[in-house]
Amino acid sequence: MPGVPADGTPPAPSAERPLRVAVVGAGPAGIYAAEALARQDAVPVAVDLIDRLPTPFGLVRHGIAPDHPKMRAIRDTLHRTLEDPLIRFVGNVDVGRDITLDELRTHVDAVVYTYGASLDRHLGIDGEDLPGSLAATDLVAWYTGHPDADRARVEAALADIRSVVVVGVGNVALDVARVLARTPEELEPTDMPQHVLDVLGATGVEEITVLGRRGPAQATFTTQELRELDGLERATVLVDPADLELDPAAEEQAATDRNVTRNLAVLRGWAGHAAEPGRRRLRLRFFARPVRLLGTDRVTAVEVERTAVDADGRAMGTGEVDVLPADLVVRSVGYRGTPLPGLPVDERSGTVPHEAGRVLREGRVSLGEYVAGWIKRGPSGVVGTNKHDARETVAALLADAAEGVLRPQGPVGDLVDELIARGVEPVLLDDWRAIDAAEVALGATRGRARTTMHEREALLAAVRAAAGR
Ligand code: NAP
């Protein structure tokens, strides 16, 4: 560890020299980790909560669908944690680019990695990279106003679309399908950027098909999210009753899982729906896997193979193929973690190897390094899942501190001073408050509660204006 005094054991953390911890990623996992560190009395700590973006909240801001205001309201709770005097929000800092991991570790005694899993998974089929084929991560980043969203590509893919195919039957797939099926009036009360409202309002979507490669009993969406599809103003949910006929073994297995039982009940309630003139069709189709995307300059259709689920629950092709017209294909087949330069990531799972939250390097615990959230356990669970997850990690860190193996490593220079000296523009809590106020003010110009600002420069301009710079 850097800076260990040569003349003996470093002293235990104290109010004068607390244990300095950097949490890398200010999404729910990072904020819950910072909270667990700040709200305990056993070990004096000071936390720097770092994010690549000038804004906190990670997937609560750039993942949870904007038409889910109740879920997004959790940001108020998360914001309160940022106000804890033991926590310092340090946004607009790219660990790995603005400061290397090794350099960061000379400024703190421990690091908790909570930077999530932001990459998309691929299908590995022909035509996947054609214009008009997007990853859900691209579309979600765009409609939530993520500064790194590829506006040009997404907006080109959304131009003149009539038929959409969404691949995957998880909650993200339902988010995407629902947002595309909504009317401009339904989207107006969200905090989506104005250009997103304008583009979505102009699409002529008629049919959205959500494809599950296995059966309804294997779908990973949750009942509450599924049920919501039926409340859309101008879309009718359609399900083929034949897809809901399970063999006795599958039916018996389905009965052991409450989520599956409820999902099946909801789906069976929709099996009698018929398409209605003037309304969008939102079709849920199971036992169907994409084989390839067709088109030359852009996607025009998806070749789909009928599947059957084998005894091990795997989707097996039946050879029965049909072609589904599609001007837009969104693959929503999960997220994967990115490697942070200098940090090990398991290629297969896209997660950092760990033992109860302690990072493993070459199979051995790396003292002072911890991990929580999606980059620890993979892309699963709801926002609240991160609370338990982060607590496990922080418990490991605090146990290491209590045992004396994790100690303050002598004097360390202030991280923010170092970043400023490097020409980085860290965004602190007051700066974030300025961005927050600017978004509310921008929303008010159109009678909205808030409009998300999607350009990094605009976010930083709000900070500079408030600071008189
Ligand atoms: P997910 O639940 O893992 O769903 C991924 C889907 O992609 C599954 O249906 C999976 O099918 C399918 N898939 C994977 N590879 C495929 C392939 N090669 N071909 C066809 N289909 C394929 O992940 P997610 O929807 O990205 O959600 C991530 C996490 O965020 C989940 O825990 C989710 O619940 C959570 N989330 C929650 C909410 C909410 O609470 N409202 C909203 C959004 C996200 P198989 O099962 O057959 O692999």
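Numbering of residues begins at 1 and proceeds along the displayed sequence. The basis for the numbers below is simple: all heavy atoms, side chains too, and nothing from hydrogens, waters or symmetry mates. Quick caveat, the model's predicted, so the values are computed rather than measured.
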(request) Let me see the working for Arg298 and Asp327 under salt bridge (Lys or Arg N to Asp or Glu O under 4.0 Å), right down to the final yes or no. (result) CA-CA 8 Å; Arg298 65 172 290 161; Asp327 322 296; over 6 Å; no

(request) Mind running side-chain contact (heavy atoms from CB on, under 4.5 Å) on Val112 and Val371 for me, showing each step along the way? (result) CA-CA 5 Å; Val112 185; Val371 63; over 6 Å; no

(request) Determine whether more than 12 heavy atoms belonging to other residues, nucleotides or ligands lie under 6.0 Å from atom CD of Glu233. (result) yes

(request) Could you please spell out the steps behind the salt bridge (Lys or Arg N to Asp or Glu O under 4.0 Å) verdict for Asp67 and Arg178? (result) CA-CA 9 Å; Asp67 64 334; Arg178 194 184 63 249; 2.7 Å; yes

(message) Within the 4.5 Å heavy-atom criterion, are Arg17 and Asp109 side-chain neighbours or not?
(response) yes

(message) If only side-chain N and O atoms count, and only distance matters, is there a donor-acceptor pair under 3.5 Å linking Asp191 with Thr451?
(response) no

(request) Could you verify whether a donor N or O on one side chain and an acceptor N or O on the other, from Thr106 and Glu103, lie under 3.5 Å apart? (result) no

(request) Measure the shortest side-chain to side-chain distance between Glu369 and His354 over non-hydrogen atoms and say whether it is less than 4.5 angstrom. (result) no

(request) Using only heavy-atom distances, determine whether the side chains of Arg377 and Asn386 contain a donor-acceptor pair under 3.5 Å. (result) yes

(message) Regarding His68 and Glu228, do their side chains bring together a donor and an acceptor under 3.5 Å, going by distance alone?
(response) yes

(message) Using a 6.0 Å cut-off, check whether atom CD of Glu362 has over 12 heavy atoms from anything other than its own residue.
(response) no

(message) Is the shortest side-chain heavy-atom distance between Leu343 and Tyr113 below 4.5 Å?
(response) yes

(request) Determine, stepwise, if the pair His146 / Leu53 fulfils side-chain contact (heavy atoms from CB on, under 4.5 Å). (result) CA-CA 9 Å; His146 193 294; Leu53 293 183; 3.6 Å; yes

(message) Would you say that Tyr32 contacts Val383 through its side chain, given a criterion of any heavy-atom pair below 4.5 Å between the two side chains?
(response) yes

(request) Give a yes or no on whether His122 atom NE2 has more than 12 heavy-atom contacts from other residues, nucleotides or ligands under 6.0 Å away. (result) yes

(message) Could you check whether any side-chain heavy atom of Arg88 comes within less than 4.5 Å of a side-chain heavy atom of Leu49, counting everything from C-beta outward?
(response) no

(message) Quick check on side-chain contact (heavy atoms from CB on, under 4.5 Å): which of Asp150, Leu158, Thr137 does Trp142 satisfy it with?
(response) Leu158

(request) Would you indicate whether the side-chain heavy atoms of Asp51 and Val90 approach each other to under 4.5 Å? (result) no

(message) With heavy-atom distances below 4.5 Å as the criterion, would you say the side chains of Leu419 and Ile99 are in contact?
(response) yes

(request) Measure the acute angle between the ring planes of Trp432 and Phe57, then classify it against the limits of 30° and 60° as parallel, tilted or perpendicular. (result) perpendicular

(request) Flag yes if more than 12 heavy atoms outside Asp417 fall under 6.0 Å of its CG atom; otherwise flag no. (result) yes

(request) Please say whether more than 12 non-hydrogen atoms of neighbouring residues, nucleotides or ligands are located less than 6.0 Å from CZ in Arg446. (result) no

(request) Have a look at Leu19 and tell me which of Val47, Leu397, Asp400, Leu37 forms a side-chain contact (heavy atoms from CB on, under 4.5 Å) with it. (result) Leu397

(message) Does Gln40 have more than 12 heavy atoms from other residues, nucleotides or ligands lying within 6.0 Å of its CD?
(response) yes

(request) Flag yes if more than 12 heavy atoms outside Asp41 fall under 6.0 Å of its CG atom; otherwise flag no. (result) no

(request) Determine whether Trp374 and Tyr335 make a side-chain contact, defined as any pair of heavy atoms from C-beta on separated by less than 4.5 Å. (result) yes

(request) Evaluate whether atom CZ of Arg292 has more than 12 neighbouring non-hydrogen atoms of other residues, nucleotides or ligands under 6.0 angstrom away. (result) no

